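Keep in mind that what you see is a predicted model, and the values were worked out from it rather than measured. Reckoned from all heavy atoms, side chains included, excluding hydrogens, waters and symmetry mates. Residue numbers start at 1 and run along the sequence shown.
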Amino acid sequence: MSIMDFSGTHFLVCGAGISGRAASLALAGHGGSVTLNDMKAIDTAEQPWPDIKAAGVQLVFGNQETALLDGMDVVVPSPVISPEIPIMKEAARRGLPIWSEVEVACRVTDADMIGITGTNGKTTTTMLTYHILRQAGVDAGLAGNVGNSLALQVAEDPHAVYVIELSSFQLDNMYEFKADIAILLNITPDHLDRYNYEMQNYVDAKFRIIRNQTAEDAFIFWNDDPIIAREIAKRHPQATLYPFAETHEAGVKGYTEDKKIIIETSNGTFTMEEDLLALSGTHNLYNSLASGIASKLVDIHDENLRASLSDFTGVEHRLEKVARVRGVDFINDSKATNVNSCWYALQSMTTPLVLILGGTDKGNDYSEIEELVKKKVHALVFLGVDNAKLHGFFDGKVPVIEDARSMEEAVSKAYKLAEKGDTVLLSPCCASFDLFKSYEDRGDQFKACVRNL
């Protein structure tokens with residue numbers, strides 16, 4: 001799309017974190033009149049506020065009164081800001097356009113976009129795709145939920161192509177954004193508290209990834225996901241379809257055969273032995289297929305693609321091996337903030353398990369992991385402020401269940417419950433905000449506690 005001039009347009013940016021600051025700089029740099037607001041009182045004497053002030057952005061910190069909307073043309077909230085807070089509800093009532101930071105960025109660049117979403121696997125697939133492109137010499141930027149802010153890169157460090165991890169929260173407020181290549185890995189229940197506990201609302205958000213695509217664009221997706229299949233039949237995407245699956249059938253462009261992965265695009269057919277892939281497990285096979293299709297569509301040479309698929313080192317906090325302590329392995333899967341992600345972790349485990357679960361429940365249905373827990377887990381440690389729902393579901397189904405109110409307590413109890421040859425797996429199923437700053441903080445504390453054993 002063409003680069004826009006925002007002269008004469010008034011923007012209210014809500015949330016003064018990285019996303020809000022980046023959106024403010026991008027908008028102001030293209031003529032917009034910008035007010036950056038945050039409910040918290042922030043000391044603007046420190047960096048990076050001089051840069052924001054120099055761009056002509058007005059700062060209003062310490063309150064979030066709805067009167068801030070007066071005279072505004074567009075509202076740009078941080079992805080973590082709930083649409084249910086008063087200022088956002090009032091913006092919706094007034095009919096003001098509400099844009100995400102990614103929406104802002106796409107309006108001020110003509111770079112190619114590879115957008116990646118899904119309930120699980122999107123961080124790994126985004127990082128892997130970026131790794132492949134960079135190793136092949138492509139001028140690529142990494143953005144969205146990982147890497148640097150897309151708006152900040154567009155404003156200060158532009159690239160020819162961006163690989164973007166897109167959450168449903170970001171997709172909610174994207175309208176003109178168009179992915180030249182869109183990847184949808186899977187859809188299972190997540191963030192239902194954000195979507196009024198209506199699964200279709202969450203599904204609709206995920207399918208915004210193909211909004212504005214044309215026949216010249218590519219839509220890569222998991223062929224065997226029943227929700228994706230249903231929605232494709234209903235929506236009739238305009239993009240060229242590139243489904244992937246574990247086995248080959250009509251129309252599938254990425255699959256396995258004779259212990260090889262096979263990828264078919266207009267740029268040729270790529271094959272590689274499965275056992276040479278850096279990432280193991282069925283879920284990572286899908287991630288590799290999706291990244292491989294995208295890379296072939298960008299016309300990455302086979303030798304570069306093969307090298308990158310074999311030397312990628314993985315993603316921190318996702319099935320990350322921490323240490324072996326007196327015969328017990330410890331694995332950090334703190335990024336597993338929903339039930340389906342935990343299912344993938346459990347499915348990949350081959351030893352008896354002590355499983356650490358818990359945190360802020362997002363409307364979870366634990367029945368998805370029930371059979372795997374019964375089969376593989378001999379002890380559970382619930383790590384959270386309120387573990388009542390976990391007890392209500394799992395009590396009586398696992399021999400030993402204990403509670404913990406800190407990571408140190410959880411690791412200590414899990415270690416005592418584990419036997420030589422076991423694995424202690426942190427795969428919480430839940431958000432982290434009851435006891436931790438983020439899933440990264442939770443994973444970092446887990447690793448530190450394990451190393452202190």
Side-chain angles (χ1 to χ4, degrees), residues 112 114-118 120-140 142 146 161-165 179-186 217-225 228 239-316 318-321 344-345 347-350:
D112 291 334
I114 301 175
I116 300 167
T117 196
N120 295 300
K122 55 186 178 291
T123 299
T124 299
T125 303
T126 301
M127 297 287 287
L128 176 56
T129 305
Y130 173 73
H131 173 71
I132 294 167
L133 267 57
R134 291 290 290 186
Q135 292 295 103
V138 175
D139 177 22
L142 177 67
V146 292
V161 58
Y162 292 97
V163 185
I164 314 164
E165 179 187 339
D180 299 276
I181 298 174
I183 298 176
L184 178 53
L185 295 163
N186 47 61
D217 304 313
F219 178 31
I220 302 167
F221 59 91
W222 181 29
N223 195 59
D224 296 331
D225 187 302
I228 294 176
T240 302
L241 305 183
Y242 289 89
F244 62 86
E246 189 169 3
T247 57
H248 188 219
E249 56 185 271
V252 171
K253 302 299 184 183
Y255 54 94
T256 64
E257 195 170 83
D258 297 328
K259 297 184 178 180
K260 295 180 179 179
I261 65 166
I262 301 174
I263 292 168
E264 301 171 350
T265 74
S266 57
N267 290 324
T269 299
F270 171 81
T271 63
M272 179 176 176
E273 292 77 7
E274 273 188 79
D275 60 8
L276 296 180
L277 294 172
L279 299 176
S280 60
T282 301
H283 59 296
N284 278 322
L285 172 64
Y286 296 150
N287 298 337
S288 297
L289 287 170
S291 294
I293 294 171
S295 300
K296 283 297 291 181
L297 290 172
V298 178
D299 206 15
I300 301 300
H301 293 163
D302 287 0
E303 58 269 26
N304 296 119
L305 179 54
R306 185 172 289 106
S308 294
L309 286 172
S310 64
D311 67 12
F312 181 64
T313 55
V315 175
E316 189 178 15
R318 187 67 180 113
L319 291 173
E320 178 188 9
K321 295 179 181 179
Y344 279 115
Q347 189 258 350
S348 70
M349 295 292 113
T350 58

Side chain to side chain contact (heavy atoms under 4.5 Å, CB included) for Ile132 and Val298? Distances and angles first, verdict last.
CA-CA 11 Å; Ile132 294 167; Val298 178; over 6 Å; no
Going through the checks in order, is the side chain to side chain contact (heavy atoms under 4.5 Å, CB included) test met by Leu309 and Phe270?
CA-CA 12 Å; Leu309 286 172; Phe270 171 81; 3.9 Å; yes
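With hydrogens and angles ignored, the 3.5 Å screen pairs no side-chain donor or acceptor of Arg306 with any backbone N or O of His301. With Asn223 contributing its side chain and Ala245 its backbone, the two residues share no donor-acceptor pair below 3.5 Å. Between the side chain of Thr256 and the main chain of Glu246, a donor-acceptor pair closer than 3.5 Å is present. Side-chain N or O atoms of Asn267 include one that pairs as donor or acceptor with a backbone N or O of Lys296 at under 3.5 Å. In this structure a side-chain-to-backbone donor-acceptor pair under 3.5 Å is present from Ser310 to Ala307. Side-chain atoms of Thr129 do not come within 3.5 Å of backbone N or O of Ser291 as any donor-acceptor pair.
Nearest heavy atoms, Pro243 versus Gly251: CG-O, 3.3 Å. Across Val163 and Thr126, no two heavy atoms sit closer than the pair CG1-O, 3.6 Å. Closest heavy-atom contact between Ala290 and Phe244: CB-CE2, 3.8 Å. The minimum heavy-atom distance linking Ala140 with Arg134 is given by the pair O-NH1, 3.2 Å. In terms of heavy atoms, Ile220 sits closest to Ala294 at CD1-N, 3.6 Å. In terms of heavy-atom proximity, His283 sits nearest to Ser348 at CE1-CB, 4.3 Å.
For Asp258, the CG atom sits in a loose shell: 12 or fewer heavy atoms of surrounding residues, nucleotides or ligands are nearer than 6.0 Å.
Interatomic distance, Asp224 CG to Asn186 CG, rounded to the nearest 0.5 Å: 12.0 Å. Thr271 contributes atom OG1, which lies 11.0 Å from atom CD of Glu257 (distance to the nearest 0.5 angstrom). To the nearest 0.5 angstrom, Ile181 atom CD1 is 11.0 Å from Thr240 atom OG1. Summarising the geometry, atom CG belonging to Asp299 is positioned 11.0 Å from atom CG belonging to Leu305; distances are rounded to the nearest 0.5 Å. Lys253 NZ to Thr269 OG1: the interatomic distance, rounded to the nearest 0.5 Å, is 9.0 Å. Interatomic distance, Leu289 CG to Ile262 CD1, rounded to the nearest 0.5 Å: 10.0 Å.
Between Ile114 and Leu133, some side-chain heavy-atom pair lies under the 4.5 Å cut-off. For the pair Val146 and Tyr130, the minimum side-chain heavy-atom distance is 4.5 Å or more. The shortest distance between side-chain heavy atoms of Ile300 and Val138 falls below 4.5 Å. Looking at heavy atoms from C-beta onward, Arg318 lies in side-chain contact with Tyr344 at the 4.5 angstrom threshold. Annotation: side chain of Leu142 is in contact with side chain of Met127 (closest heavy-atom distance under 4.5 Å). Side-chain atoms of Ser288 and Met272, non-hydrogen and from C-beta on, never get closer than 4.5 Å to each other.
Just one residue in the list Ile116, Leu279, Leu319 forms a side-chain contact (heavy atoms from CB on, under 4.5 Å) with Thr124, and that residue is Leu279. Among Asn287, Asp225, Asn120, the single residue meeting the side-chain contact (heavy atoms from CB on, under 4.5 Å) criterion with Leu185 is Asn287.
A donor-acceptor contact under 3.5 angstrom links the side chains of Tyr255 and Glu264, judged on distance only.
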